[in-house]
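Atoms considered below: every heavy atom in the structure, side chains included; atoms not considered: hydrogens, waters and symmetry mates.
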Amino acid sequence: MAKSFKYIILGGGVSAGYAAREFSKQGLKPGELAIISKEAVAPYERPALSKAYLFPESPARLPGFHVCVGSGGERQLPEWYTEKGIELILSTEIVKADITTKSLTSAGGETFNYETLIIATGSTVIRLTDFGVQGADAKNIFYLREIEDADKLYEAIKAKKNGKAVIVGGGYIGLELSAVLKLNNVDVNMVYPEPWCMPRLFTSDIAHFYEGYYANKGVKIIKGTVATGFTANSDGEVKEVKLKDGRVLEADIVVVGVGGRPLTTLFKGQVAEEKGGIKTDSFFKTSIPYVYAVGDVATFPLKLYGELRRVEHVDHSRKSAEQAVKAIKASEDGKTVEEYDYLPYFYSRAFDLSWQFYGDNVGESVLFGDNNPESPKVKFGAYWIKDGKVVGAFLEGGTAEENNAIAKIARVQPPVENLDQLAKEGLSFANKI
Ligand code: FDA
Ligand code: NAD
């Protein structure tokens, strides 16, 4: 027999947790809402997985980081959902979605019907096996997306105590995992094809600092090449990483972070897509009126820049979920809410470092402060300037007030005439706005 709900959230990640909180705030009757997740646990703050979850001492563990603690809210333990009459349907993978019959089918053959659906399936990892890298299915080659992945990696770090790791990829996962493995006293080589790390966001001047800092911590960085194959020992465990440039690196553990892919496949041909995601309006409504999409999967109008974007970061996953639920509830009362007006916000933390970025990293960039990795006190940043206005701002080592100031500047987009002057003024320029 099919189970029916007024609302179903498909996916049990960050967006799902924040959407549930918003539903509860807006008023929800018991039995109206279900969250269906292939994960075995209630929604949690995913960013913890590449940071405190892997610390050698007192690692973070559930229930410590269930949503909504990541943004200073109250923790939603599994009991919270029970109290609110929200059904948490865990360890349940949906394998078929039919928009016309408003139904979802699980791998176990159960059917779930809804009146309104929120797609919150997030992203999955791109695998080296996807492009046929030889030997990439060896044991101890890890990816990191869900808590199960983090558990397996944690066990391997313990089993291969003080071993050797190769990190493939120089993006978010690459930088965060190199750091946390080093903290675990693992010997770390990091390999990526680009001339500097995190090229999606960092300028070469910003990357100069991080590469130097990591090198001082003992992380060995190999740039401009990729992993083309792996060899394994007689137990099938990875032993060596072969690089395109001919080098061969020993490895007990490999962590791959070569990008993510939004999980939209269940809805292919059923909802409009754009820029690799599910196209939505400013209320996260898809091309089908009773289907919404939030978080990593949504391609939404970024009002500030007048274009459609997809954002794969936690702040947007929280805010888009809240916006969608507000819009759903308002439409039931024949009302509307204000359009989503998002200011992109990304951050990362590794070792003792912590940076924040707001806005858009387009146009010319200007570095300010001291990006020397040897400096005892770390504080530097960058502005991006387009059409004579500051459109983006990055800051390493900022205080809460300073981070607020760079957020404000990215929102206000003040004009600048002289870039040399801007570089000299640095943070004081943001503080004035
Ligand atoms: P999310 O991935 O959180 O949740 C999707 C859920 O859907 C999962 O529970 C999944 O199992 C489930 N699901 C998918 N398909 C399903 C199906 N067919 N049936 C049932 N369930 C299904 N961002 C940031 O700004 N700062 C940071 O420091 C970090 N750190 C970070 C670390 C790591 C390790 C990762 C992987 C990601 C980050 N991020 C981040 C990115 C951030 O976590 C991400 O943008 C949000 O989690 C996206 O939230 P969603 O709810 O869209 O997807
Ligand atoms: P990413 O896109 O940040 O970085 C991928 C990196 O891998 C890039 O440097 C890319 O050039 C490199 N690469 C691509 N092909 C390669 C190859 N064959 N060999 C070696 N390197 C290769 O993606 P990610 O780091 O895998 O992160 C996955 C997802 O998780 C993203 O959505 C990201 O936003 C999210 N995430 C975010 C944070 C954060 O915001 N702090 C932290 C962790 C993860």
Side-chain angles (χ1 to χ4, degrees), residues 1-39 41-44 66-68 73 76-106 110-122 263-264 266-267 270-271 278 280-298 300 317-337 340:
M1 242 248 330
K3 277 190 161 185
S4 295
F5 299 92
K6 186 168 183 190
Y7 313 106
I8 290 182
I9 302 171
L10 172 54
V14 178
S15 299
Y18 281 77
R21 180 174 71 170
E22 192 59 37
F23 267 120
S24 159
K25 273 191 200 163
Q26 300 272 333
L28 190 69
K29 294 197 192 88
E32 280 188 334
L33 171 64
I35 294 176
I36 306 179
S37 177
K38 69 178 162 61
E39 291 190 84
V41 294
Y44 58 87
H66 278 298
V67 294
C68 298
Q76 290 170 197
L77 301 176
E79 303 85 277
W80 180 88
Y81 298 87
T82 317
E83 276 162 28
K84 305 285 175 198
I86 299 170
E87 199 155 333
L88 262 186
I89 303 170
L90 301 176
S91 305
T92 303
E93 184 176 7
I94 295 301
V95 292
K96 188 169 168 250
D98 188 334
I99 297 286
T100 47
T101 59
K102 299 187 168 187
S103 68
L104 303 171
T105 310
S106 73
E110 300 142 293
T111 306
F112 304 95
N113 295 325
Y114 55 82
E115 289 172 36
T116 299
L117 175 69
I118 301 181
I119 305 169
T121 41
L263 277 170
T264 59
L266 285 172
F267 300 92
Q270 303 193 74
V271 295
I278 297 174
T280 75
D281 63 12
S282 301
F283 312 102
F284 294 97
K285 196 197 289 173
T286 68
S287 53
I288 306 291
Y290 50 87
V291 179
Y292 290 71
V294 295
D296 281 12
V297 293
F300 63 96
S317 68
R318 296 167 179 155
K319 289 180 174 153
S320 58
E322 289 165 0
Q323 169 76 351
V325 174
K326 282 182 186 145
I328 290 168
K329 292 302 260 184
S331 72
E332 289 172 3
D333 299 333
K335 295 184 184 148
T336 53
V337 294
Y340 192 60

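- Residues Phe23 and Ile118 are in side-chain contact: their nearest non-hydrogen atoms beyond the backbone lie under 4.5 Å apart.
- The structure places OG of Ser103 at 13.0 Å from CD of Glu110, a figure rounded to the nearest 0.5 Å.
- The closest donor-acceptor contact from the side chain of Glu93 to the backbone of Lys38 lies at 3.5 Å or more, if one exists at all.
- Looking at every heavy atom in both residues, Ala120 comes nearest to Ile9 through CB-CG2, 4.0 Å.
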Note to self: For a side-chain contact (heavy atoms from CB on, under 4.5 Å) check, start with the C-alpha distance between Arg318 and Ser15, then their side-chain angles and the critical distance, and finish with the verdict.
What the structure shows: CA-CA 5 Å; Arg318 296 167 179 155; Ser15 299; over 6 Å; no
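- Side-chain N or O atoms of Glu32 include one that pairs as donor or acceptor with a backbone N or O of Lys29 at under 3.5 Å.
- At a threshold of 4.5 Å between non-hydrogen side-chain atoms, the residues Lys326 and Val337 count as touching.
- Atom CG of residue Asp98 and atom OG1 of residue Thr105 lie 8.0 Å apart, to the nearest 0.5 angstrom.
- Of all the heavy atoms in Ile328 and Ser331, the pair that sits closest is O-OG, 2.9 Å.
- In this structure, Leu77 CG and Glu83 CD are separated by 9.0 Å, a value rounded to the nearest 0.5 Å.
- Among all heavy-atom pairs drawn from Ala97 and Leu104, the shortest one is CB-CD2, 3.7 Å.
- Between the side chain of His66 and the backbone N or O of Pro78, no donor-acceptor pair lies under 3.5 Å.
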Margin query: Applying side-chain contact (heavy atoms from CB on, under 4.5 Å) to Tyr292 and Leu117, what does each step give before you reach the verdict?
Written below: CA-CA 6 Å; Tyr292 290 71; Leu117 175 69; over 6 Å; no
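- Under a 3.5 Å cut-off, the side chain of Gln323 and the backbone N or O of Ser282 do form a donor-acceptor pair.
- Within the 4.5 Å cutoff, the side chain of Ile119 has no heavy atoms near those of the Val294 side chain.
- The heavy-atom pair separating Tyr340 from Ser320 by the smallest distance is OH-N, 3.5 Å.
- Two residues are said to be in side-chain contact when any heavy atoms from C-beta on lie closer than 4.5 Å; Ile89 and Ile35 fail this criterion.
- Here the side chains of Tyr18 and Val325 are not in contact, with every heavy-atom distance at 4.5 Å or above.
- Note that CD of Glu332 is 9.5 Å distant from CD of Gln26, once rounded to the nearest 0.5 Å.
- Atom CD of Glu39 sits about 12.0 Å away from atom OG1 of Thr92, to the nearest 0.5 Å.
- Two residues are said to be in side-chain contact when any heavy atoms from C-beta on lie closer than 4.5 Å; Val41 and Leu90 fail this criterion.
- Between the side chain of Thr280 and the backbone N or O of Lys285, no donor-acceptor pair lies under 3.5 Å.
- With rounding to the nearest 0.5 angstrom, the CG atom of Leu33 is 12.5 Å from the NZ atom of Lys84.
- Cation-pi contact between Lys102 and Tyr290: present, with separation from the ring centre below 6.0 Å and deviation from the ring axis of at most 45°.
- Minimum interatomic distance between Ala321 and Ala19 (heavy atoms only, all atoms of both residues): CB-N, 3.8 Å.
- By the 4.5 Å heavy-atom criterion applied to side chains, Val67 and Tyr44 are not counted as neighbours.
- Residues Ile94 and Leu266 are in side-chain contact: their nearest non-hydrogen atoms beyond the backbone lie under 4.5 Å apart.
- Pairing each heavy atom of Ala293 with each of Val297, the nearest pair is CB-CG2, 4.2 Å.
- Remark: side-chain polar atoms of Asp333 are not paired, donor with acceptor, to backbone N or O of Lys335 under 3.5 angstrom.
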Note to self: Would Tyr7 and Tyr114 count as a side-chain contact (heavy atoms from CB on, under 4.5 Å) here? Give the steps.
What the structure shows: CA-CA 6 Å; Tyr7 313 106; Tyr114 55 82; over 6 Å; no
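- The backbone N or O of Ser317 sits nowhere less than 3.5 Å from a side-chain atom of Glu322 that would complete a donor-acceptor pair.
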